[in-house]
Student: 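Got a structure for you, written out below as C-alpha cells; questions coming shortly.
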Amino acid sequence: MQAILSIEWMKVKKYRTFWILSALFLFMLPAWNYGLKNGVLKVGGNGVNILNQVYSYSYVWENIGYWTSLFVVFLSVLVIILTTNEYQFKTNRQNVIDGWSRLQFFHAKWGMVVVLSLLTTLYVFINGVVFAAAGGSMSGFPGHIEKLFYTFVLTLNYFSFSLLLAFIFKRSGITIGIFFLYSMFVETLLKSLLNWKLSSNPGNFLPLQCSDELLPFPLMDMLKTIAKMQSETNNAYYVIASFVWIIIYYLISRRLLLKSDW
Amino acid sequence: MENILSINNISKSYGPVRALNDVSFEVPPGSVFGILGPNGSGKTTLLGILLDVLQADAGTYSWFNNPASSESRRQIGSLLETPNFYHYLSAVDNLKIAAAIKQRGHNDINNVLEKVNLLQRKDSKFQTYSLGMKQRLAIASALLGNPRVLVFDEPTNGLDPAGIAEIRDLIRQLNSEGITIVMASHLLDEVEKVCTHVAILKRGQLLLSGPVNETLRSEDQIEVSAMNLDHLKQVIASMPGIKDIKPVNGSLLLSCDNNILPEQVNKYCIDNSIVLSHLAMKKKSLETKFMELTNN
C-alpha cells in the first residue's frame with residue numbers, strides 16, 4: 001500500500017490544481033472561523049448574532065466540524081478531478097498496462113481518499129486547538145473530541161461518495177455537476193419527502209445526510225440541548241449508517257472497475 | 001521452446017458488433033510478430049484484451065506460458081493506441097511514475113529518452129509535445145526496465161518519414177538484442193519490412209497466421225503481348241501451368257505455377273507460331289495480395 005500511495009503522490013505533487021484547491025480549503029476554514037469568532041460575520045440584529053459561537057472546549061470541535069462539513073466540498077471536487085483525470089488522460093489504462101492490477105489502481109484511489117480524510121481531520125484538530133488557545137482557555141481539553149471523529153467519518157463519506165461518482169461518470173464536468181446537484185438539492189428534497197411521509201426520520205439516513213446529522217448547525221445543537229430535545233436517534237446509529245454507505249460505495253465501485261472495459 | 005504469447009479462441013463483442021471472433025495464434029520467442037488488418041479489424045481490441053484493459057467474452061491467453069497477471073505485464077513494454085501520460089507532468093516525471101509501477105529504478109530513464117531523441121526536451125510538460133514527440137515518449141516508456149517483450153499498436157502513427165525510419169531501425173535493433181516484438185499495423189509495407197511473422201485479421205476473423213515469407217509470399221506474374229491478342233490468349237490458355245489470364249492495357253497478365261519461367265512461355269508461343277512483342281516478369285505486389293485477402 002505504501003508503494004501505491006507514493007505513486008499517487010508522484011501524480012499530484014506537481015499538479016497545480018491540487019495545490020490550489022487544497023490551499024482554498026486550508027485558507028477558508030480558519031479564515032471563516034476567524035470571522036465568526038470576531039463577529040465580522042453576522043446574521044441578525046439588535047445585538048443578537050445567531051452565528052456567534054463559542055470557540056472554547058468543549059464546543060470548538062462541533063463549531064469547526066460543522067464548517068468543515070461545508071468547506072469539504074473543495075476537497076470533494078479535488079477527489080473528482082484527480083480521478084476523472086485518469087480517465088481523461090487514459091492513464092488508468094496505462095497504469096494497468098505498466099503492471100498494476102486493476103485492483104491496485106482501485107485501491108490507490110481509495111488509499112488517497114482515506115489519507116485525505118485523515119489529513120483533513122488532523123487539520124481540523126490543529127485549527128481547534130489554535131482557536132481554543134487563542135480564546136485563552138486551555139482548560140476543558142479535549143472536550144467533545146468525539147466530534148472530531150465525526151468530522152473524520154463525514155470527510156471519508158464525502159470523499160468516497162465523490163470517488164464513486166467519478167468512477168461512474170468518468171468526466172470531471174458532469175461528475176462535479178452531479179455531485180453538487182445531489183448533495184445540495186436532491187438529497188435535501190428526498191430527506192424532506194421521506195421524513196414527511198414516514199415516521200422515525202428515515203430521510204436522515206440518506207448517503208451524505210447520515211454524516212451531516214453528526215455535525216448539525218451548532219446553534220441548533222445548543223438549542224436542542226437546552227430544550228432537552230436532543231434527537232432520539234443516537235449518533236452511534238449515524239456513524240454506523242455512514243460506514244455502511246462507505247462500504248456500499250466501495251463494493252459498487254469495485255464491481256464496476258473489475259468487470260468493465262477500461 | 002516456450003511461446004512468448006498464446007492466444008486461444010478469444011471472442012469479444014461490442015453490442016451487436018463482433019469485434020473478435022474465435023481468434024487463436026501463437027507468438028514464438030525472438031520474432032517480430034505483425035498483427036495486420038484494415039481499420040476496424042480488431043487489432044487494438046485484441047491488444048487491449050492481452051493487456052487486461054479490455055475483457056474478453058470468451059477465450060484465454062497466456063504470456064510466457066503463465067496465466068495472465070500484473071507480474072507478467074511488468075515484463076512487457078506496451079504502447080496501446082495513443083500515448084497516455086499526465087499532461088501536466090514533464091517527460092521525466094511521467095517516466096518516473098511508469099518506472100515505479102514497473103518496480104524498476106529511475107536509472108535508465110535518460111537512456112530510453114536518448115534512444116527516442118527526446119533527451120533535450122525531457123523537462124518539458126507532456127502537453128507541450130507534438131504528436132510525434134508524444135509517440136516517441138510512449139515508445140521510451142515501453143522500453144523502460146528492459147522488457148522481454150514489446151507490444152506496439154501502430155508504432156509509427158504521427159511520425160514523420162525520418163521518424164518512421166528511426167523507429168523501424170530501433171525495432172530491428174531491439175529484436176536483434178533478443179526482444180520479442182508484437183506490433184499491430186494497417187500498413188502492409190511496415191509489416192513486410194520488419195516482421196518475421198504475421199497474423200492477418202479482418203472484421204474480427206483471423207484469416208491466416210505464420211512466418212511472413214510463407215504467408216505473404218509474393219506470386220510471380222508474366223506479362224505478354226502480341227500482334228493478335230485474341231489468338232495469343234487462345235493459345236496461352238492451353239499451356240499447362242497457367243492459372244489465370246487477365247487482359248491489361250493491350251497485354252495479358254498471366255498468373256502461373258511457380259516453376260513456369262518466361263523463357264518457357266516464349267518457347268511455347270514460338271512453337272505455336274506466335275511472335276511475342278512483349279515479355280516481362282512481374283512481381284505481384286503484396287499490396288494486391290493483402291487487398292485480395294481482406295476484400296471479399
Side-chain angles (χ1 to χ4, degrees), chain A residues 1-22 78 80-109 111-112 166-167 170-173 254-262, chain B residues 12-14 19 44-45 47-57 63 68-90 92-104 106 123 125-127 134 137-138 141-142 144-145 147 150-151 153:
Chain A
M1 197 66 199
Q2 209 181 341
I4 290 178
L5 284 175
S6 80
I7 290 172
E8 286 300 296
W9 175 239
M10 288 164 76
K11 293 179 187 174
V12 300
K13 70 179 176 187
K14 292 185 185 171
Y15 186 34
R16 196 179 300 147
T17 308
F18 167 77
W19 291 110
I20 291 174
L21 283 170
S22 302
L78 179 64
I80 291 171
I81 290 176
L82 291 179
T83 309
T84 51
N85 266 352
E86 304 269 8
Y87 288 99
Q88 191 200 329
F89 302 150
K90 290 191 178 170
T91 38
N92 60 330
R93 282 177 147 214
Q94 195 61 43
N95 289 171
V96 167
I97 289 170
D98 284 340
W100 263 358
S101 65
R102 289 172 171 227
L103 213 52
Q104 278 173 314
F105 176 84
F106 175 70
H107 283 147
K109 290 291 170 243
M112 168 189 83
F167 281 146
K170 297 187 172 77
R171 309 214 168 266
S172 59
R254 181 178 167 129
R255 188 174 169 76
L256 204 66
L257 259 73
L258 291 188
K259 295 286 170 204
S260 65
D261 286 341
W262 281 29
Chain B
K12 161 104 185 151
S13 302
Y14 294 110
T44 300
T45 301
L47 294 184
I49 289 169
L50 299 177
L51 297 169
D52 197 33
V53 294
L54 299 176
Q55 307 265 8
D57 298 338
W63 288 101
S69 67
S70 50
E71 200 177 323
S72 57
R73 278 200 304 285
R74 288 200 287 271
Q75 302 175 45
I76 304 168
S78 316
L79 157 58
L80 193 60
E81 205 168 16
T82 49
N84 306 323
F85 293 101
Y86 298 93
H87 291 197
Y88 50 85
L89 292 179
S90 69
V92 169
D93 287 331
N94 268 303
L95 291 187
K96 278 180 184 168
I97 291 176
I101 291 176
K102 285 176 197 245
Q103 302 179 0
R104 314 281 175 155
H106 295 167
D123 294 316
K125 285 184 180 171
F126 178 71
Q127 62 198 7
K134 289 175 176 175
L137 182 60
S141 176
L144 276 176
L150 288 167
V151 176
D153 188 4

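Labels below follow one simple rule: chain letters A, B, ... track the order of the sequence lines, proteins then strands, and each chain is numbered from 1.
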Student: For A:D261 versus B:Q55, what's the shortest heavy-atom pair and its separation?
Tutor: OD1-N, 2.8 Å

Student: How many angstroms lie between atom OG1 of A:T91 and atom NE2 of B:H87, to the nearest 0.5 angstrom?
Tutor: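 So the OG1 of A:T91 and the NE2 of B:H87 are separated by 8.0 Å.
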
Student: So what's closer than 4.5 Å to chain B heavy atoms on A:K11: side chain, backbone, both or neither?
Tutor: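 Contact with chain B involves both backbone and side-chain atoms of A:K11.
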
Student: At a 4.5 Å cut-off on heavy atoms, which part of B:E81 comes close to chain A: side chain, backbone, both, or neither?
Tutor: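 Contact with chain A involves the side chain of B:E81 alone.
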
Student: Rounded to the nearest 0.5 Å, what's the gap from CG on A:N95 to CZ on B:R73? Could you check?
Tutor: 10.5 Å

Student: Please flag which part of A:S260 lies under 4.5 Å from any non-hydrogen atom of chain B: side chain, backbone, both or neither.
Tutor: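 The backbone, not the side chain.
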
Student: State the CG-OG distance between A:D98 and B:S141, to the nearest 0.5 angstrom.
Tutor: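 Going from CG on A:D98 over to OG on B:S141, the span is 5.0 Å.
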
Student: If I measure from the heavy atoms of chain A, does B:L89 come under 4.5 Å with its side chain, its backbone, both, or neither?
Tutor: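 The side chain, not the backbone.
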
Student: Let me confirm one number: the NZ-CG distance from A:K14 to B:D93, rounded to the nearest 0.5 Å.
Tutor: 3.5 Å

Student: Which answer fits A:N92, side chain, backbone, both or neither, if we ask what part of it has an atom under 4.5 Å from a heavy atom of chain B?
Tutor: neither

Student: Quick check for you: among A:I4, A:N85, A:I7, which has the greatest number of heavy-atom pairs under 4.5 Å with chain B?
Tutor: A:I7

Student: Look up atom OH in B:Y88 and atom OG1 in A:T17, then write down how far apart they are to the nearest 0.5 Å.
Tutor: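 Rounded to the nearest 0.5 Å, the OH-OG1 separation comes to 8.5 Å.
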
Student: Looking only at heavy atoms, which two atoms of A:R93 and B:L54 are closest? And how far apart?
Tutor: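 Heavy-atom minimum between the residues: NH2-CD2, 4.0 Å.
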
Student: Select one option (side chain, backbone, both, neither) describing which atoms of A:L257 are under 4.5 Å from chain B's heavy atoms.
Tutor: neither

Student: Which atom names give the shortest non-hydrogen contact between B:I101 and A:W100, and what distance separates them?
Tutor: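 Looks like CG2-N, 3.6 Å.
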
Student: Counting heavy atoms not belonging to B:E71, are there more than 12 under 6.0 Å from its CD?
Tutor: no

Student: With chain B, which of A:R102, A:Q94, A:K259 has the greatest number of heavy-atom pairs at distances under 4.5 Å?
Tutor: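 When all of A:R102, A:Q94, A:K259 are compared, A:R102 has the most.
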
Student: Calculate, to the nearest 0.5 Å, the distance between atoms CG and CD1 belonging to B:N84 and A:I97 respectively.
Tutor: 6.5 Å

Student: Where is the tightest heavy-atom contact between A:S101 and B:S70, given as atom of each residue plus distance?
Tutor: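 Answer, listing the atom of A:S101 first, then B:S70: N-CB, 3.8 Å.
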
Student: Which residue out of B:L80, B:D52, B:L51 racks up the most heavy-atom pairs below 4.5 Å with chain A?
Tutor: B:D52

Student: May I ask you to decide if the ring planes of B:Y86 and A:F89 are parallel, tilted or perpendicular, using 30° and 60° as cut-offs?
Tutor: perpendicular

